[in-house]
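Reading through the structure tokens given below for one structure.
As the structure is a prediction and not an experimental result, all values here were calculated from the model. One-based numbering, in listed order, for ligands and for the atoms of each.
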Amino acid sequence: MSFFFAPDKIVCPTFTLRSYVVGDGALLKEAQNSSYEHLRTFMQWARPEIRTNEAESSTRKFRARYLLNEDFTIGIFSRDEKKLLGGTGFHHRNRPLTEGVAEIGMWIRADCAGQGLGTKVLIEMLKWGFSDWQWVRLFWRCSIKNIASAHVARKAGMIQEARLRNDYISHLDGSRNDTLYFSALKGEWQV
Ligand SMILES: CC(C)(COP(=O)(O)OP(=O)(O)OC[C@H]1O[C@@H](n2cnc3c(N)ncnc32)[C@H](O)[C@@H]1OP(=O)(O)O)[C@@H](O)C(=O)NCCC(=O)NCCS
């Protein structure tokens, strides 16, 4: 039997990426509640006001699923881990881990967005994903209307490989747009 123990944390020059742990709920609540307007267009899960207990319950579920290799939701923390700057993750969506394929998702808190952080985090996730993790293909997808998201993928060296017409359905009003797919491959990716 082979075991996979997911890397738990990486400390980068200006932020720390790590699995959520028990007690992170208050940080998650503060980051999301201060970012609702910024998140609501493209993040289906965004809500105007979450309570600490709800957020704590989410962070515990993230932790549990991480330890079980079910889904790898990762917090983007300030280097000293006192503030949550956003969230990311490797999401393999029920595909066997041995296939080495995952989607990277991301949100950055409103008061840190548009300052280059998303691009830096994506580059670190790709670097980490192709070294300490066993991913061989990492992909990113977004609505064609999500200019910042597509821009971040391109700036991080991901290659646009598909445009799915009318595939993206807005959770706000049901309107349809195209979905863009980007990917990076181990051994080929470079910024
Ligand atoms: C998408 C997101 C993760 C990007 O993170 P970020 O830290 O804001 O990204 P960066 O600052 O590294 O880069 C954003 C780039 O998009 C550009 N940009 C942002 N909005 C733009 C717009 N409306 N039109 C054109 N360019 C835009 C910025 O100028 C910047 O490019 P530059 O560095 O060349 O100036 C973040 O904005 C976010 O959390 N958005 C809401 C949630 C979301 O949509 N997540 C992605 C789902 S696929």
Next item on the list: Test Leu97 against Phe72 for side chain to side chain contact (heavy atoms under 4.5 Å, CB included), laying out the working first.
Entry: CA-CA 11 Å; Leu97 281 178; Phe72 304 105; 3.8 Å; yes
Check: Is ligand 1 under 4.0 Å from a heavy atom in the side chain of Asn146, in the backbone, in both, or in neither?
Finding: side chain
Margin query: Just to be sure I'm reading this right: ignoring hydrogens, which of Ile76, Ile108, Thr179, Leu180 gets closest to atom 3 (C) of ligand 1? Compare them by their nearest heavy atoms.
Written below: Ile108
Next item on the list: Give a yes/no verdict on a cation-pi contact between Arg18 and Phe77, requiring under 6.0 Å between NZ or CZ and the six-membered ring centre and an angle within 45° of the axis.
Entry: yes
Specify whether [X] and [Y] have parallel, tilted or perpendicular ring planes, treating 30° as the upper limit for parallel and 60° as the lower limit for perpendicular.
X: Trp135; Y: His92; value: tilted
X: Phe4; Y: Trp133; value: tilted
X: Trp128; Y: Phe90; value: tilted

Any N or O on [X] sitting closer than 3.5 Å to an N or O of ligand 1?
X: Ile147; value: no
X: Lys155; value: yes
X: Ser149; value: no
X: Trp107; value: no
X: Gly114; value: yes
X: Gly116; value: yes
X: Phe42; value: no
X: Thr119; value: yes

Atoms of ligand 1 less than 4.0 Å from [X] heavy atoms?
X: Met43; answer: 42 (C), 43 (C), 45 (N), 47 (C)
X: Arg141; answer: 48 (S)
X: Ala113; answer: 8 (O)
X: Val152; answer: 4 (C), 9 (O), 10 (P), 12 (O), 13 (O), 14 (C)
X: Leu117; answer: 7 (O), 12 (O)
X: Cys142; answer: 48 (S)
X: His151; answer: 15 (C), 16 (O), 17 (C), 30 (C), 31 (O), 32 (P), 34 (O)

Next item on the list: Check if Arg109 has a non-hydrogen atom at a distance under 4.0 Å from any atom of ligand 1.
Entry: no
Next item on the list: Establish, from distance only, whether the side-chain atoms of Ser143 and Asn146 form a donor-acceptor pair under 3.5 Å.
Entry: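 Looking only at side-chain atoms, Asn146 and Ser143 do not form any donor-acceptor pair under 3.5 Å.
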